[in-house]
Amino acid sequence: MIHTKIDIPKLLYEICEDERVFEKDIDLIESGLLDSFAFIELFTKFEDHGINIQPTRIDRSQLKTVEGIEKLIEDYFEKNGK
């Protein structure tokens, strides 16, 4: 199932269970919100939405902020015509 609009903060909240994910400028990696287990869950949830991004093929800095993740997903849909 493919969804072109994903609520990234909500998705991150489901993974991290921490309201800090709703803060606009929080660094998700430095804050510890996105640890190695959360990364795995995030990419699994992407796959659940029909988004197949290889974690080894992206710059980790793209995952530091909600805005960066939203841009990553937007770029994915543009590149894949979805």
**Request:** Considering non-hydrogen atoms only, spot the tightest contact between Tyr76 and Asn52 and give its length.
**Result:** OH-N, 3.3 Å

**Fill in**
Of all heavy-atom pairs linking Glu70 and Pro9, the shortest is OE2-CD, 3.9 Å

**Request:** Decide yes or no for Phe39 and Arg60: does some side-chain heavy atom of the first lie under 4.5 Å from some side-chain heavy atom of the second?
**Result:** yes

**Request:** Nearest 0.5 Å please: distance from the CG atom of Asp59 over to the NZ atom of Lys64.
**Result:** 9.5 Å

**Item:** Note, Ile29 side chain near Asp35 side chain (heavy atom, < 4.5 Å)
**Value:** no

**Message:** Quick check for you: to the nearest 0.5 Å, what is the distance between Ile73 atom CD1 and His49 atom NE2?
**Reply:** 9.0 Å

**Request:** Apply side-chain hydrogen bond (donor to acceptor under 3.5 Å, both in side chains) to Asp25 and list each qualifying residue two or more places apart in sequence or on a separate chain.
**Result:** none

**Cluster link Leu34 to Ile40, ILVMFWY, side chain under 4.5 Å** = no

**Message:** Quick one, Leu72 and Ile53 - any side-chain contact, counting heavy atoms below 4.5 Å?
**Reply:** yes

**Asked** Only one of Glu23, Lys24, Glu30 clears side chain to side chain contact (heavy atoms under 4.5 Å, CB included) with Ile26; which?
**Response** Glu23

**Prompt:** Are side-chain heavy atoms of Val21 and Ile8 found at a separation under 4.5 Å?
**Reply:** no

**With sequence neighbours excluded, residues passing ring pair (Phe, Tyr, Trp, His ring centres under 6.0 Å) with Tyr13** = Phe22

**Message:** Which heavy atom of Leu28 sits nearest to which heavy atom of Leu63, and what is that distance?
**Reply:** CD1-O, 3.8 Å

**Request:** Measure the spacing between NZ of Lys71 and CD of Glu78 and express it to the nearest 0.5 Å.
**Result:** 6.0 Å

**Prompt:** Is the closest side-chain heavy-atom distance between Arg20 and Leu33 below 4.5 Å?
**Reply:** yes

**Asked** Any side-chain heavy atom of Ile15 sitting closer than 4.5 Å to one from Phe37?
**Response** no

**Item:** Distance (rounded to the nearest 0.5 Å) between Leu11 CG and Glu41 CD
**Value:** 8.5 Å

